[in-house]
Amino acid sequence: MTIIPPLTVPDILQPLIQAWVTWFTTTFISLPIATFIMWWDVPRCIYGFLFHERPRVILITGVDTNIGEKFALEYAKPGNTLGLLSSDKYKLNRLVDECNKRGAEALSLHCDISNLELLRDTVEEFINERPIDLLIANTSQIDTIQDGETRWEDMFEQVIVTNINGIIGVIMSTYKRMQDRGKGQIAIVNPTAGHFSIPQMIYHNMTKSALLAFSRDFRYLARKHNIKVSIISPGLIDTPITTKALLPISDCRFLFASANSLASISKMQLQMGNFEIVWPFLETLPVYACQTLPPRILNTITYFVGLICEFFSRINGA
């Protein structure tokens, strides 16, 4: 019996073939579909903004971060009930007081998101008294490699427990209760590092890529129960975390949007029911462009981006 080998091309030609396939699919598949989606989104967004029910009970995690704090303040309006979750008791109490001054009913949920058992108990206790309309699952443990700090090889557990276990834990605890009600909305804050970032943030990139894949599949599963799922993808946002990052562009602060603008834009688009909310958009286009590149080309770009970041790190550390 003759076995016909699968069709292939020499390794040296594969990057060229991959680039050609990328161009073909972008031109003849992606562009027509994107055009159709654009026209479909216009009436959908208008309808959602005008007629979708406004959330009144909102649970926000990671409010000790700059982004989490701005989301809390954005939803701190009369008639709203906020459950604010954080491991930093001082920042948490200060934020609760500020939200209460703005007319909201803000409640302090002091909990370390990496403690899954305590996290479940805290979330379920809050939900038992106040069914949640909207969950904003926000937290981020960054692992930028810098000389003189903790070895990056030893940081994987800390990053994974916070960025994956903690986030999924609070999402699932909330999701099961939303299923019982037959409605709800979950927004997952997941930066554009889930698409592409510098290699020095290896565990952060890995966890955010995993969370991106989870969100896409979770959106499909949740729709059966009338639960909307969105990803909020912060790009260049002016926060203490982006100030510490090793990106050469970190010194160009004029390109960075404020966390206030991210919270405001995200609130509007969540009301519309949009899936991925990217802000600021134009500055993050290179990240999405990298995602469409053939693997060999992307690997080459990653290598040189890593070298550039190492160079700037040495200059800043000198």
Side-chain angles (χ1 to χ4, degrees), residues 44 48 52-63 65 67-68 71-72 74-75 80-87 106-141 159-191 194 206-234 263 266-267 269-277:
R44 181 189 63 79
H52 282 173
E53 184 180 355
R54 260 64 173 174
R56 289 301 181 186
V57 181
I58 303 105
L59 173 62
I60 306 173
T61 67
V63 294
T65 66
I67 289 177
F71 272 110
E74 184 65 32
Y75 281 97
N80 286 354
T81 299
L82 305 180
L84 306 181
L85 191 148
S86 170
S87 60
L107 301 173
S108 170
L109 305 177
H110 182 238
C111 175
D112 185 347
I113 199 170
S114 63
N115 187 335
L116 296 183
E117 185 175 350
L118 178 60
L119 176 66
R120 292 191 193 100
D121 292 342
T122 302
V123 170
E124 289 181 5
E125 182 180 355
F126 177 79
I127 297 176
N128 285 338
E129 299 179 3
R130 303 164 185 82
I132 295 176
D133 298 316
L134 169 64
L135 165 67
I136 299 180
N138 165 67
T139 191
S140 188
Q141 175 68 46
V159 178
I160 291 172
V161 166
T162 301
N163 290 359
I164 295 292
N165 297 5
I167 286 292
I168 301 298
V170 72
I171 289 172
M172 288 297 105
S173 296
T174 306
Y175 174 65
K176 286 185 288 187
R177 305 304 292 271
M178 287 182 174
Q179 275 184 301
D180 297 337
R181 295 181 65 202
K183 65 176 182 176
Q185 186 172 18
I186 297 174
I188 304 169
V189 180
N190 193 50
M206 175 191 69
T207 56
K208 296 309 177 182
S209 295
L211 205 55
L212 178 64
F214 167 83
S215 302
R216 281 195 298 257
D217 298 341
F218 182 45
R219 178 174 181 258
Y220 171 79
L221 298 173
R223 289 181 68 180
K224 300 176 183 179
H225 304 282
N226 194 33
I227 299 171
K228 298 188 286 290
V229 175
S230 299
I231 300 177
I232 300 173
S233 296
S266 298
K267 180 182 179 181
Q269 294 200 40
L270 285 174
Q271 181 63 29
M272 296 176 182
N274 293 343
F275 172 57
E276 185 162 16
I277 301 164

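Predicted model, so just to flag it, every value in this text is computed and none were measured.
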Distance in Å, [X] [atom1] paired with [Y] [atom2], rounded so as to fall on 0.5 Å steps:
X: N190; Y: S209; atom1: CG; atom2: OG; result: 8.0 Å
X: C111; Y: E125; atom1: SG; atom2: CD; result: 11.0 Å
X: I136; Y: I60; atom1: CD1; atom2: CD1; result: 4.5 Å
X: T174; Y: F126; atom1: OG1; atom2: CZ; result: 9.5 Å

Report task. Evaluate side chain to side chain contact (heavy atoms under 4.5 Å, CB included) for L59 paired with L134, printing each intermediate quantity in order. Result -> CA-CA 6 Å; L59 173 62; L134 169 64; over 6 Å; no
Requested in this report: Please name all residues satisfying side-chain contact (heavy atoms from CB on, under 4.5 Å) with R177, sequence neighbours left out, ordered by chain then number.
Outcome: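 If we apply the side-chain contact (heavy atoms from CB on, under 4.5 Å) test to R177, skipping adjacent residues, the hits are E124, I127, N128, D180.
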Query raised in the report: Can K267 be said to sit on top of Y75's aromatic six-ring, NZ or CZ under 6.0 Å from centre and within 45° of the ring axis?
Result: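 Yes.
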Side-chain heavy-atom pair [X], [Y] within 4.5 angstrom cut-off:
X: K208; Y: N163; value: yes
X: M178; Y: P131; value: no
X: I58; Y: D133; value: no
X: N138; Y: T65; value: yes
X: S86; Y: H110; value: no
X: L82; Y: V57; value: no
X: I160; Y: M206; value: yes
X: L270; Y: I232; value: yes

Query raised in the report: Which pairs pass side chain to side chain donor-acceptor pair (under 3.5 Å) with one or both residues in residues 218-229, sequence neighbours excluded?
Result: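 Those involving residues 218-229 are Q179-H225.
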Query raised in the report: Near E129 CD, under 6.0 Å, is it more than 12 heavy atoms from other residues, nucleotides or ligands?
Result: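 Buried by this count: over 12 neighbours within 6.0 Å.
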Query raised in the report: Do N165 and S114 have side-chain N/O donor and acceptor atoms under 3.5 Å apart?
Result: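 Per modelled atom types, N165 and S114 side chains form no pair under 3.5 Å.
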At their closest point, which heavy atom of [X] faces which heavy atom of [Y], and how far apart are they?
X: I164; Y: T207; result: CD1-O, 3.4 Å
X: I171; Y: A137; result: CG1-CB, 4.0 Å
X: G166; Y: L119; result: O-CD2, 3.4 Å
X: I132; Y: R181; result: O-NH1, 2.8 Å
X: A72; Y: L84; result: CB-CD2, 3.8 Å
X: I188; Y: S215; result: CD1-OG, 3.3 Å

Query raised in the report: Which of these passes side chain to side chain contact (heavy atoms under 4.5 Å, CB included) with Y175: I168, I186, L135?
Result: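 It is I186; the other options fail the test.
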Requested in this report: Just jot down the side-chain hydrogen bond (donor to acceptor under 3.5 Å, both in side chains) partners of R56, sequence neighbours excluded, or say none.
Outcome: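 R56: side-chain hydrogen bond (donor to acceptor under 3.5 Å, both in side chains) contacts with N80.
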Query raised in the report: For S230 and E276, what are the C-alpha separation, side-chain angles and deciding distance, and is it a side chain to side chain contact (heavy atoms under 4.5 Å, CB included)?
Result: CA-CA 6 Å; S230 299; E276 185 162 16; over 6 Å; no
Query raised in the report: Stepwise, does the side chain to side chain contact (heavy atoms under 4.5 Å, CB included) test hold for I167 with L211?
Result: CA-CA 9 Å; I167 286 292; L211 205 55; 3.9 Å; yes
**Report entry** From CA spacing to verdict: side chain to side chain contact (heavy atoms under 4.5 Å, CB included), N274, R44
**Finding:** CA-CA 9 Å; N274 293 343; R44 181 189 63 79; 2.7 Å; yes
